[in-house]
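For the numbers below, each heavy atom of this structure counts, side chains included, while hydrogens, waters and symmetry mates do not. The first residue in the sequence is number 1, and the count goes up from there. Just so we're clear, the structure is a prediction, and the values are computed from it rather than from any experiment.
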Amino acid sequence: MKSGIILLMLLFCFGCTDLLRVEPENSLTFGNITEEKDIEALTYGVGAGVREMVCWNALLQVEKGAYADEVDESRRGARMLELEAGTADLWEPWYQVIMGAQNVLDYVDVVDMSGERRDFYKGQAYFFKALAYFDLVRRWGDCILQKGGISWEPVAKTPWPLVCDFAIEMAEQAAGLLPPHDKLTDCNGNAIFSKSTPCQGAAYALLAHLCAWKAGGKYFAAAADRNYDEKKLWEKAEQACTKVIDSPLYGLVSTPEEVCASVLVGNSKEGVYETVMKDYYNEVGKRVFSLGTNYVGYPVRPEYTPGIVQDFTFRIFTASVRKMFPGADTRKYAWFYDLDGMDTLDKGITGGFAYPYKERSVNVTVTGSKKKFASFNANRVWWRLADIYLLRAECRVHLGGDKLEGAVNDLNVIRRRANAGLYQVIEDNGDLQMTVFREREKELLMEGHRYYDIIRNGLDYVRTFLEGGYRTATQQDYIDGAFFLMNKSVDFKENPLMRQNLYWLKRQ
């Protein structure tokens with residue numbers, strides 16, 4: 001197929017606007033899909049759609065639970081569950097991915113190729129569908145569910161637990177069809193090395209997080225949608241984590257310093273699934289896709305001096321860092337720049353704050369002799385192996401019994417890498433669930449997991465670790481959607497069955 005036709009095809013594929021307000025497919029354009037390379041191009045287009053999804057108001061949710069001692073006033077409202085927390089946003093990019101994946105499924109069977117190659121493309125399509133729905137339910141809760149082709153009739157939102165069921169099914173099918181990462185090849189037989197191409201390990205990681213989200217979220221599911229056995233979901237999540245951990249294709253890097261210098265940049269042995277952003281500055285530009293934007297100033301951004309730390313959006317005291325990473329835990333020296341040296345500077349300069357340094361790979365523009373930060377130059381790492389170890393530990397705590405020893409073992413795997421003290425039963429007054437939560441907080445600090453981790457661990461965690469109105473909202477408020485975003489008014493324009501998030505509707 002000519003490259004121009006491929007581009008036209010993708011434009012039609014991703015021509016939707018808001019709530020499934022899409023234009024019909026151009027049959028002549030799609031009729032040109034006759035070879036495997038055409039299916040491959042269509043699948044690559046869906047992957048490009050994930051990049052758009054990643055960049056689209058990426059921080060609206062994760063900022064609410066990001067760890068910080070002080071927060072800029074512009075972010076306080078959302079973190080206190082004031083009206084800003086429900087800031088309306090379009091879900092268009094997520095549905096573009098879902099529709100693109102469906103187009104792959106619709107056309108993959110009309111092209112002559114081996115069954116193995118057909119399964120590869122189907123597996124990717126199932127993965128992308130599951131990924132988009134996973135992110136949709138974490139951001140909006142209830143959403144429009146399209147299981148097959150796009151419906152042209154008005155469609156009501158589906159309760160998020162039922163959307164999770166479909167996404168879990170998609171992830172399971174993806175795991176059954178996709179090859180391991182070392183067996184990925186393109187249509188010409190060339191090896192694929194990028195961690196952005198869905199593979200079996202990525203599908204298991206997605207499956208684990210989907211099952212854990214539904215299991216942990218039972219308390220904010222509506223009564224009619226709460227009739228499920230969360231223990232079975234924790235079991236399935238644990239088994240999926242084990243598939244990733246037991247694979248010889250993934251491994252922890254040696255030190256926390258290497259996490260910063262390699263893993264978070266992209267395509268390391270610890271990375272499980274990523275969206276390629278590195279070296280895509282011309283496409284990504286200055287768009288935000290990581291929390292580093294809120295934390296990282298001096299010395300990563302060359303235009304800043306040390307005093308900027310007092311003006312950054314999220315600020316963490318050096319004393320808090322030392323408390324979080326006691327003793328010989330080397331993460332405090334990897335996650336933060338020259339912790340000891342900067343702590344000796346005049347407090348009038350530092351304000352007593354530490355200098356986040358976890359994300360440090362950047363694009364810089366040069367004008368004359370002046371250098372200026374342009375953007376981060378790293379992939380968006382969805383899941384790395386340390387996350388999967390600690391998610392399995394969380395699953396094992398919920399399963400209890402003889403699984404508890406395994407939870408401690410998983411916890412200690414991560415601590416050993418950081419030279420941190422091994423688990424002691426007296427930690428957190430013997431509350432192993434809390435210890436695992438805090439270990440995820442430490443290991444994944446500033447990576448965008450904490451808001452979802454807090455929610456998944458239950459109402460007591462919400463009222464302890466979130467702020468303001470989150471501590472006083474009722475369980476019914478959370479069932480009504482207080483954790484989630486509003487929909488923009490345009491989403492209702494051509495869909496009379498569409499309803500606003502009930503919690504925010506009551507507050508408007």
Worksheet item: Between the side chains of Arg471 and Thr464, is a donor N or O closer than 3.5 angstrom to an acceptor N or O?
Response: no

Worksheet entry | Test item: Gln124 side-chain N/O and Pro198 main-chain N/O as donor-acceptor pair under 3.5 Å | no

Worksheet entry | Quiz item: cation-pi between Lys218 and Tyr228, 6.0 Å / 45° | yes

Worksheet item: Got a donor-acceptor contact below 3.5 angstrom from the Gln310 side chain to the Ile349 backbone?
Response: yes

Worksheet item: Any ring-ring contact (aromatic ring centres under 6.0 Å, His included) pairs touching residues 386-427, not counting sequence neighbours?
Response: Trp234-His398

Discussion item. Restricting to non-hydrogen atoms, name the atom on Ser262 and the atom on Ser268 that form the minimum distance, rounded to 0.1 Å.
Written reply: OG-CB, 3.7 Å

Discussion item. Quick test of your reading: applying salt bridge (charged side-chain N to carboxylate O under 4.0 Å, His left out), list the pairs with at least one residue in residues 172-182, sequence neighbours left out, ordered by first then second residue.
Written reply: Glu172-Lys236

Item to complete: Not counting sequence neighbours, which residues clear side-chain contact (heavy atoms from CB on, under 4.5 Å) with Asp229? List them please.
Response: Lys231, Lys232

Discussion item. Looking at Arg456 and Asp453, is any side-chain nitrogen of the basic one under 4.0 Å from a carboxylate oxygen of the acidic one?
Written reply: yes

Worksheet item: Restricting to pairs with a member in residues 298-312, which pass salt bridge (charged side-chain N to carboxylate O under 4.0 Å, His left out), not counting sequence neighbours?
Response: none

Worksheet item: Would you say the ring centroid of Trp94 lies under 6.0 angstrom from that of Tyr133?
Response: no

Worksheet item: Got a donor-acceptor contact below 3.5 angstrom from the Asn377 side chain to the Asn363 backbone?
Response: no

Response to the item:
Exactly one of Glu84, Glu82, Glu467 clears salt bridge (charged side-chain N to carboxylate O under 4.0 Å, His left out) with Arg76, and that residue is Glu467

Practice prompt. Verify, without hydrogens or angle tests, whether Lys214 (side chain) and Val163 (backbone) share a donor-acceptor contact under 3.5 angstrom.
Written response: no

Practice prompt. Ignoring hydrogens and angles, tell me if any N or O in the side chain of Asn267 forms a donor-acceptor pair with the backbone of Phe193 under 3.5 Å.
Written response: yes

Worksheet item: Is Arg79 positioned over the aromatic face of Phe314, cation under 6.0 angstrom from the ring centre and no more than 45 degrees off axis?
Response: yes

Worksheet item: Any chance the side chains of Gln476 and Asp480 put a donor and an acceptor closer than 3.5 Å?
Response: yes

Item to complete: Identify the heavy atoms of Ala205 and Val244 that sit nearest to each other, and give their distance.
Response: N-CG2, 3.8 Å

Worksheet entry | Salt-bridge contact Glu258-Arg417 (side-chain N to carboxylate O under 4.0 Å) | no

Practice prompt. Using the test side-chain contact (heavy atoms from CB on, under 4.5 Å), find all partners of Val300 that sit at least two apart in sequence or belong to another chain.
Written response: Val296, Tyr357, Arg360, Val362

Worksheet item: So do the side chains of Tyr478 and Leu459 get within less than 4.5 Å of each other, counting heavy atoms only?
Response: yes

Item to complete: Under the side-chain contact (heavy atoms from CB on, under 4.5 Å) rule, collect the residues that match up with Lys442, sequence neighbours excluded.
Response: Met324, Phe325, Arg331, Arg415, Glu439

Worksheet item: Considering residues at least two apart in sequence or located in another chain, which fulfil the side-chain contact (heavy atoms from CB on, under 4.5 Å) criterion with Ala202?
Response: Phe127, Cys199, Tyr273

Worksheet item: What are the two closest heavy atoms between Val364 and Pro302, and how far apart are they?
Response: CG1-CG, 4.1 Å

Worksheet item: Tell me, do Val413 and Leu252 make a side-chain contact under 4.5 Å, heavy atoms counted?
Response: yes

Practice prompt. Look only at the side chain of Tyr470 and the backbone of Phe483, and say whether a donor-acceptor pair between them is shorter than 3.5 Å.
Written response: no

Worksheet, complete the sentence: When every non-hydrogen atom of Leu291 is compared with those of Ala66, the smallest separation belongs to CD1-CB, 4.1 Å

Discussion item. Is a donor from one side chain sitting under 3.5 angstrom from an acceptor on the other, for Asp72 and Thr313?
Written reply: no

Worksheet entry | Residue pairs involving residues 342-354 (criterion side chain to side chain donor-acceptor pair (under 3.5 Å); sequence neighbours excluded) | Arg322-Asp343

Worksheet item: Side-chain contact, heavy-atom cut-off 4.5 Å: Arg450 with Phe465?
Response: yes

Donor-acceptor pairs under 3.5 Å, side chain of residues 431-438 to any protein atom, not counting sequence neighbours: which ones?
from, atom 1, to, atom 2, distance (Å)
Asp431, OD1, Gln433, N, 3.2
Asp431, OD1, Met434, N, 3.2
Gln433, NE2, Asn457, O, 3.4
Gln433, NE2, Asn457, OD1, 2.9
Thr435, OG1, Asp428, OD2, 2.7
Thr435, OG1, Asp431, O, 3.2

Worksheet item: Who passes side-chain hydrogen bond (donor to acceptor under 3.5 Å, both in side chains) against Thr474, sequence neighbours left out?
Response: Asp477

Response to the item:
Between Ala354 and Leu339, the two heavy atoms sitting closest are CB-CD1, 4.0 Å

Discussion item. If we check salt bridge (charged side-chain N to carboxylate O under 4.0 Å, His left out) with Glu238, which of these qualifies: Arg392, Arg396, Lys243?
Written reply: Arg396

Worksheet entry | Partner residues of Arg138 under the side-chain hydrogen bond (donor to acceptor under 3.5 Å, both in side chains) criterion, sequence neighbours left out | Asp135

Practice prompt. Walk me through it: do Glu274 and Arg384 pass the test salt bridge (Lys or Arg N to Asp or Glu O under 4.0 Å)?
Written response: CA-CA 9 Å; Glu274 308 171 3; Arg384 57 186 177 93; over 6 Å; no

Discussion item. Quick check with a 6.0 Å cut-off and a 45 degree axis cone: is Arg315 positioned over the face of Phe353's six-membered ring?
Written reply: yes

Item to complete: Kindly indicate whether the side chain of Val309, heavy atoms from C-beta on, has any atom under 4.5 Å from the side chain of Tyr298.
Response: no

Item to complete: Run the numbers on Trp335 and Glu443 for side-chain contact (heavy atoms from CB on, under 4.5 Å), then give the verdict.
Response: CA-CA 9 Å; Trp335 293 182; Glu443 177 64 27; 4.2 Å; yes

Discussion item. Tell me every residue that passes side-chain hydrogen bond (donor to acceptor under 3.5 Å, both in side chains) with Asp387, counting only those two or more places apart in sequence or in another chain.
Written reply: His209, Arg440

